[in-house]
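Heads up, the thing below is written out as structure tokens.
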Amino acid sequence: MGLLRQVQSWLCLGLVAMALVSPPSITLAQEAAPAAETAAPAAETPAAAPATTEEKPAESSETPPPAAPSTKEAAADEGTPDSKLTFALNNVTLLICAVLVIFMQAGFAMLEAGLNPAKHTVNILCKNLMDFAIGVLLFFAVGYAIMYPDWSGVTTKVFDFNPDRIFAITAWDGATVLHPQVDFLFQVAFAATSATIVSGAVAGRMKFGAYLFYSAVITAFVYPISGSWKWGLGWLNDWGFHDFAGSCLVHAVGGFAGLAGAIVLGPRIGRFSNDGKSNPIPGHNMALATLGVFVLLIGWYGFNPGSQLAFANHVNTNIVMTVATNTTLAAAAGCCVSLAVAWVLFGKPDLSMALNGMLAGLVGITANCDCVTNVESLIIGSIAGVLVIAAMLLLENLKIDDPVGAWPVHGVCGAWGCIAAGIFGEGKNLTVQLIGTGVYCAWGFFTLLIVFVALKAIGQLRVTKEEELTGLDISEHGMHAYPADRS
Amino acid sequence: MGLLRQVQSWLCLGLVAMALVSPPSITLAQEAAPAAETAAPAAETPAAAPATTEEKPAESSETPPPAAPSTKEAAADEGTPDSKLTFALNNVTLLICAVLVIFMQAGFAMLEAGLNPAKHTVNILCKNLMDFAIGVLLFFAVGYAIMYPDWSGVTTKVFDFNPDRIFAITAWDGATVLHPQVDFLFQVAFAATSATIVSGAVAGRMKFGAYLFYSAVITAFVYPISGSWKWGLGWLNDWGFHDFAGSCLVHAVGGFAGLAGAIVLGPRIGRFSNDGKSNPIPGHNMALATLGVFVLLIGWYGFNPGSQLAFANHVNTNIVMTVATNTTLAAAAGCCVSLAVAWVLFGKPDLSMALNGMLAGLVGITANCDCVTNVESLIIGSIAGVLVIAAMLLLENLKIDDPVGAWPVHGVCGAWGCIAAGIFGEGKNLTVQLIGTGVYCAWGFFTLLIVFVALKAIGQLRVTKEEELTGLDISEHGMHAYPADRS
Amino acid sequence: MGLLRQVQSWLCLGLVAMALVSPPSITLAQEAAPAAETAAPAAETPAAAPATTEEKPAESSETPPPAAPSTKEAAADEGTPDSKLTFALNNVTLLICAVLVIFMQAGFAMLEAGLNPAKHTVNILCKNLMDFAIGVLLFFAVGYAIMYPDWSGVTTKVFDFNPDRIFAITAWDGATVLHPQVDFLFQVAFAATSATIVSGAVAGRMKFGAYLFYSAVITAFVYPISGSWKWGLGWLNDWGFHDFAGSCLVHAVGGFAGLAGAIVLGPRIGRFSNDGKSNPIPGHNMALATLGVFVLLIGWYGFNPGSQLAFANHVNTNIVMTVATNTTLAAAAGCCVSLAVAWVLFGKPDLSMALNGMLAGLVGITANCDCVTNVESLIIGSIAGVLVIAAMLLLENLKIDDPVGAWPVHGVCGAWGCIAAGIFGEGKNLTVQLIGTGVYCAWGFFTLLIVFVALKAIGQLRVTKEEELTGLDISEHGMHAYPADRS
Amino acid sequence: MKLIIAIIQPNRLEAVKDALTEVEVFRLTVVDCQGFGRQKGQLGIYRSQEPSVNLLRKVQLQIAVNEDFVEPTIQAIMSAARSGDKGQIGDGKIFVLPMDDCIRIRTGERGSDAI
Amino acid sequence: MKLIIAIIQPNRLEAVKDALTEVEVFRLTVVDCQGFGRQKGQLGIYRSQEPSVNLLRKVQLQIAVNEDFVEPTIQAIMSAARSGDKGQIGDGKIFVLPMDDCIRIRTGERGSDAI
Amino acid sequence: MKLIIAIIQPNRLEAVKDALTEVEVFRLTVVDCQGFGRQKGQLGIYRSQEPSVNLLRKVQLQIAVNEDFVEPTIQAIMSAARSGDKGQIGDGKIFVLPMDDCIRIRTGERGSDAI
Ligand SMILES: Nc1ncnc2c1ncn2[C@@H]1O[C@H](COP(=O)(O)OP(=O)(O)O)[C@@H](O)[C@H]1O
Ligand SMILES: Nc1ncnc2c1ncn2[C@@H]1O[C@H](COP(=O)(O)OP(=O)(O)O)[C@@H](O)[C@H]1O
Ligand SMILES: Nc1ncnc2c1ncn2[C@@H]1O[C@H](COP(=O)(O)OP(=O)(O)O)[C@@H](O)[C@H]1O
């Protein structure tokens, strides 16, 4: 393990170096630090200030449970009925949020299936089912250990792991604010999400085995490593980088990984004509796709509000409620703006753009929903609604085939979310946000680029032309998604 | 704004006057008042009586948070751990309920899509997505301000607004029982529901632009204005009108608005033959429709129990649990009775009637689920199950084409729900209930009648014959919902 | 009623006798008893021991609310804010869990519809809708009374009922930990589940009337009677039988009832050729089936964690969180193992097996999720993933046609779940587990066998050959699930 | 006996059926199909892109008729299947095929009686 | 060479396929179609209303055969496609069309060898 | 005038359409169909069982052409519809039917002008 650990460390460092073309240096980190310190109490909530004086500070995602500094204090009043209720309320609520996030898997599956031809449906469903199943197993095996190493105070490492969390969840010590079991559940749902995002970008042409492989790599290594830099209280957290619920950590990493996949795979047959014309391949079931987006919207109420990780005192409750409403406003704004822009540009109110616009708004608000106002949420969502269309047109021009728009939605708007936190978020440092965003985008892109190039090199990446034309359902899984009654 | 305010006020007054053909007068209002006073503590729950002596009264929907009289008392023990937990529990639970209500949008979308021909599917999905998105924006812009004006004590107005809530949600003052952000979220989900109900009645022939327009009018003005009369603590609340979760405020308003739309639009081509024969146009996907109903059923557990708005003391908990079970019993009864009646009358167990019967039961119990017994719920649901069939047959006879049965389900059973509150609800005044019901039905019908007639007058209401036959998907949105793989 | 009561009692005793071929006797019961006593506090949670000393013991499913021994103690601190919050938190959380379990109805409907030919879709949807609706009515009428009789201390009876619960839910006495209304709701959702499991096994050939009849019998009698033996604190509870959330009580009973149905009905036309070849009839919509499984997964987070029935103290919270994670791990393991085994055996990664594998893992962990470790959950789920394939192959060999695999998933893995509790569960007695499992499997199988044989005898069980070939949608319901646009 | 195959726009089906009823042609078979002809653009946009000209949804009528009915059937289809007054590109084609025999399955009748 | 087009009830497809196998007709093409004939009422009810007579689901078989096989094929279809003993309205039709040529794509064989 | 009916593998449709364009056949009609021939096993597995040989998805092209175009059309289809170099079982058939008349609905043109 020692070797792997070192190799990984160097790899990470290399990539990070690539991302940081302009030298950020120590100075910048110090600039950022004070901003970060004030971030938590300076959330936009008016009632927070007086409340905090008498309460322990919000156990926000800024300070994930395992390393929570308030552990001892919490332990002190362990036996009071109040603390038991607080514990129960926090954990039960987080469990419900975890369930909502897990539900997003269904949303992604339906959305991707609906936006692709019928002949790849079984493959898409199987991918989305398996990346959750495999994700759970691998995050339990190593991912959780990597994402939450024991880094109290040490911030120069980019990779480490907590040996107690290899194939195990640390037992509840009776003191931490969150129960480790539900913490794991919430985190694993996030890990599976980042894998599933990639799925859409590589739909319709990748071998099923290759899919399982990279999906395993993401949930076991790529996502946990970069996740540890922020939520594992690593170096980016130290710099004061802010990503409340994962615009970058989850979405941008997944979106840019998907971009790498789309580039390495190349477009589907017939997607771009020889004369260079773009020839979109419509999805086979818009009802399924729309259902998927509604399910994702619902799931986001677990994703964002749940990321506060604690609910039971005025500060937390206040933030959680604001987060929920901001999320809704950004989704609505993204949806309306995308529909309107598409209507003006292309002459028709295009449902597929409205759907992507809503997702764009949701992704865009994810990083900053805790530190912006309602009206700022509308602005952030609206801009996301424009960005998603611009990014799609860019992909068209570059002749990159991303069947569901994973990069425009999750990659671009994920990056936008963290940048918006720097622009609108009180006490957030824009430079740090830009650097952090760059790091995550580059990390997602380059790590998976390596994986996809390697798979391609050994001929295990893309199905044959014949198989692709026949459809992955028959060629990879030997079954139709919609057999006629008589067959 | 002053002018608009006045025009609106007069418009409302005019319509209300129309609805109240028999003079209700001051006397009646006074009759009703004492009944209303006793309503809250006299809920059917046996344990409520002893409990209330030591507790602050249930923060039921009777007294929505912003104007809650208990504000100061609550503020007094602001700092105690107990009050913080109460606050957290109430708001977190309401957030979950809001999420369930938002999920209903998916249910409505799937139900309407399933019950209509495939060629209108994209249009239906887009309508249901956009009425949520636009609803959120407009309710944030003005609807919330109109629905909850600052009317303490003043009840002669029919329209006003709270200027602090124009494009803003009042900040949490650290005292109110509900956090304004989650209150907004819960309310906006209701507003979107009332718009989406209309959608089903006008499916398959309305221009998309017209749809967006009236949908905006409903969520920005029609629903908030009439909503303010009751939930904004306006005149109907003062009279003691009871509508726990919105049988009238949400469903009847939406259902009667839909009726107006169906009448003004006229039936779809081919729906009634020239010789007067009724020729139903079957939905294209009963699986989607059934999924929609299941999702709506689930959403109703946010809609009804959540409408208590508070959960954290014995009185509230007691009511909330009773509400949930009553809702379930009425849904089951409506479903079984509708299936049975349809089976007897038409010779086959008709799934589409069972689905509508379940919804009928749900709508019927919505107004009164807090003040009837379990057995009464069965009765109310059963009667709703009969009413929905009778109303459908009536529409057939009148040659009004309501593709999904929005008026029978939401209009008729919504009215039934409020009347049933008068019949079965302890301490509810039947006369007041009848008047209030009449007011809401008339309000929904006539305001939208004006909108639809106006749209028709300027030729913006209905698509051409050619477009309708081709299907709104191609003619309005330029895309198929289910393109063949090869296209 | 007296007569019915006696007949039922004898019938039960007879069946139980059949199941217990090897004489268990008093001795064994005594062996088991001490194990059972220590079971609750000895759950795998490290923090449980110190915590329990100062708390009232976990109100686990071991001691369902109506007969909770802690009633008086709880009543003592009735008036404290703490107890009110505890009460609210427990009941609100259970309500949410009940909603999730009710959502499973949608999952079962979509799964069964998707895994069957299109021509039976309306029938399948109608069955799944109606077994919920009828189940609610009948469980309210008699089921709840039978399942929770007043058996404190008396354990020799196998059938009784609580007359206060005939067509009524006992009023909340202000003391019990759970509110009876939500307790009913949670339990009725379980009852409907056991009926709905059977549906899949008898799909495509049973008369709709026969379906309604047996569905009524299950929810009114079969499930409540056997349920009372354990959760009604009956004789199997006394023996120390452990079934946390119903692997046997719900799933095995349903699965074996389905097996009886599949055997008595015989296979669908064309399912096995005359020359004995197996000829699978593929489902018509794998997207629907996959959506169904995702919904079931989500619902299981109400099914398993909710079965703790209490959430608000450290012991309960601890168990609930562990249950949730164990459920997830088993589902993931079952899914991966099934896919892998099918891949190896049959050469393709078969989506339908992955789906069934996930369900198998979920069913398998249901009985024991409270008393095994995370790693044991992986093992239990993995074995379930193998068992489900083995059981399917067995059915093939026996030429029994179970269209969705209800017996392999719910019957076999349900039995496995309870046996696994005996193997892995701390303080659980394997012999008792084996006996209890045998009893439930036999009970489900033989009671329904009688029902199906009786229906067959009077010619009301199976549709005609012509009707089956045409499809039950047209022949039983007179409508297509997917009419072409023009019809 | 002839087999008349007509490929028409889906939204003209009802009108054509009515027109056929007027010339006493009561039996026909309908098949969904997709046409590749001179018409363009039915599939306007998808994700902001216009798909290249492609297969458009059409409906095919198959009508077995005796000789006397051939011309009335053709005229009926032609008049009812045209979009607008002058017709549009994409309105479709009628093919007339010779037919050797026709059998009614129910009775076993053959030839022109069975049509 | 003839092209035999048979329109039958969907639920008779399996029986017809078996009957064809017995007269050694192994190759055929199946097309979903909808028929408008004398049969009524397959679509019983929807939302409590009986839709007016309309297009009913049928299945079309297309079978290319050499002359010797024409009669056996017709007989096989007729016997297996009838509902009940005497047949019912809606049981369908068989059309026999002349065919000039047949080509097997795989080998390029033509004429009666390619059938 | 002939009506050419070609039954091909679905995944060859694009190639065949391109090939037809090259021989200047621009109009055609496509029908989904299912074939029962010598090919086996497209439906590999379902719930771990291999369904017995059954109807496999095919696509049917219907192309009305004037006599001159018959051979080029057949050649174009044959060359483009073959799987691999030598073709495989299941690649399909081409049937050539005589056609008496053709009418363009839009203009009312008849005969070979209307093709
Ligand atoms: N020669 C042909 N063979 C087969 N189908 C044809 C032929 N010509 C036209 N069609 C069918 O008729 C439809 C309408 O044809 P189109 O070319 O638009 O008509 P027009 O000849 O009036 O321009 C096409 O989409 C195609 O389905
Ligand atoms: N002349 C015809 N042309 C085309 N299709 C026909 C014709 N006659 C019958 N059919 C097809 O056969 C089906 C059965 O026809 P029907 O009129 O019910 O049979 P019958 O002649 O035995 O009364 C119809 O639904 C239709 O699809
Ligand atoms: N005689 C025939 N009549 C109708 N369709 C046929 C006939 N022969 C072949 N087909 C169609 O062509 C498809 C391919 O046929 P197949 O038997 O696999 O080809 P081959 O003759 O090259 O072995 C079949 O699935 C069927 O749809």
Side-chain angles (χ1 to χ4, degrees), chain E residues 1-8 10-34 57-66 69-70 73 76-77 80 95-115, chain F residues 1-10 12-13 15-16 19 29-40 52-62 65 67 70-71 73-100:
Chain E
M1 288 174 292
K2 301 286 175 192
L3 182 66
I4 297 178
I5 296 181
I7 295 147
I8 61 169
N11 67 17
R12 310 308 305 167
L13 179 62
E14 283 302 317
V16 170
K17 256 181 21 188
D18 291 350
L20 287 171
T21 308
E22 271 176 32
V23 296
E24 312 212 321
V25 171
F26 298 113
R27 294 190 177 98
L28 54 91
T29 299
V30 178
V31 176
D32 281 312
C33 62
Q34 294 171 291
R57 291 181 186 191
K58 303 282 168 186
V59 158
Q60 183 170 107
L61 309 184
Q62 301 172 345
I63 315 167
V65 288
N66 287 316
F69 281 84
V70 174
T73 301
I77 296 173
F95 306 137
V96 183
L97 306 186
M99 194 163 101
D100 288 353
D101 202 357
C102 174
I103 300 103
R104 169 169 290 134
I105 289 174
R106 169 168 55 99
T107 58
E109 283 162 284
R110 292 180 83 137
S112 42
D113 292 348
I115 289 286
Chain F
M1 287 174 292
K2 301 286 176 193
L3 182 66
I4 297 177
I5 296 181
I7 296 147
I8 62 169
Q9 300 275 27
R12 310 309 303 168
L13 179 61
V16 171
T29 299
V30 178
V31 176
D32 281 312
C33 62
Q34 293 172 292
F36 189 62
R38 276 179 46 207
Q39 182 193 10
K40 295 199 175 212
S52 65
V53 193
N54 226 311
L55 293 167
L56 303 174
R57 291 180 186 192
K58 302 282 168 185
V59 157
Q60 183 172 107
L61 309 183
Q62 301 172 345
V65 287
E67 263 70 12
V70 174
E71 273 312 307
T73 302
I74 291 175
Q75 295 305 332
I77 296 173
M78 268 215 295
S79 63
R82 275 196 199 143
S83 308
D85 284 348
K86 309 199 206 153
Q88 279 176 10
I89 292 185
D91 280 354
K93 291 277 166 73
I94 305 174
F95 306 137
V96 182
L97 305 187
M99 194 163 100
D100 288 353

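Within every chain, numbering begins at 1; the chains are lettered A, B, ... in the order of the sequence lines, protein sequences first and strands thereafter.
Taking 4.5 Å as the limit, some side-chain heavy atom of E:T29 sits within range of a side-chain heavy atom of F:Q60. Taking the side chain as every heavy atom from C-beta outward, F:V96 and E:I103 approach each other to under 4.5 Å. For the pair F:L55/E:L13, a side-chain contact is recorded, criterion being any heavy-atom separation below 4.5 Å from C-beta on.
Within the 4.5 angstrom heavy-atom criterion, only side-chain atoms of E:Q62, from C-beta onward, approach chain F. Interface remark: F:K2 contributes side-chain atoms only to the contact with chain E (heavy atom separation under 4.5 Å). Contacts of E:L3 with chain F are made by side-chain atoms alone, with heavy-atom separations under 4.5 Å and no backbone atom involved. If you measure heavy-atom distances from F:I7 to chain E, the contacts under 4.5 Å come from both the backbone and the side chain.
E:E109 CD to F:K93 NZ: the interatomic distance, rounded to the nearest 0.5 Å, is 8.5 Å. Separation of atoms CD1 (E:I63) and CZ (F:F95) is listed at 10.0 Å; rounding is to 0.5 Å. To the nearest 0.5 Å, atoms CZ (F:F36) and CG (E:L61) are separated by 11.5 Å.
A search for salt bridge (charged side-chain N to carboxylate O under 4.0 Å, His left out) contacts involving E:R110 returns E:D101, F:E71, not counting sequence neighbours.
Closest approach of F:V31 and E:V31 over heavy atoms only: CG1-CG1, 3.7 Å. Between F:M78 and E:R104, the shortest heavy-atom contact is SD-O, 4.2 Å. Scanning all heavy atoms of the two residues, the minimum distance from F:P98 to E:P98 falls at CD-O, 3.3 Å.
Applying the 6.0 Å contact sphere to CD of E:E24 captures no more than 12 heavy atoms from other residues, nucleotides or ligands.
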Between F:D32 and E:D32, is the side-chain contact (heavy atoms from CB on, under 4.5 Å) condition met? List the steps.
CA-CA 8 Å; F:D32 281 312; E:D32 281 312; over 6 Å; no
Go through E:R106 and F:R82 one step at a time and tell me if the side-chain contact (heavy atoms from CB on, under 4.5 Å) criterion holds.
CA-CA 6 Å; E:R106 169 168 55 99; F:R82 275 196 199 143; 5.5 Å; no
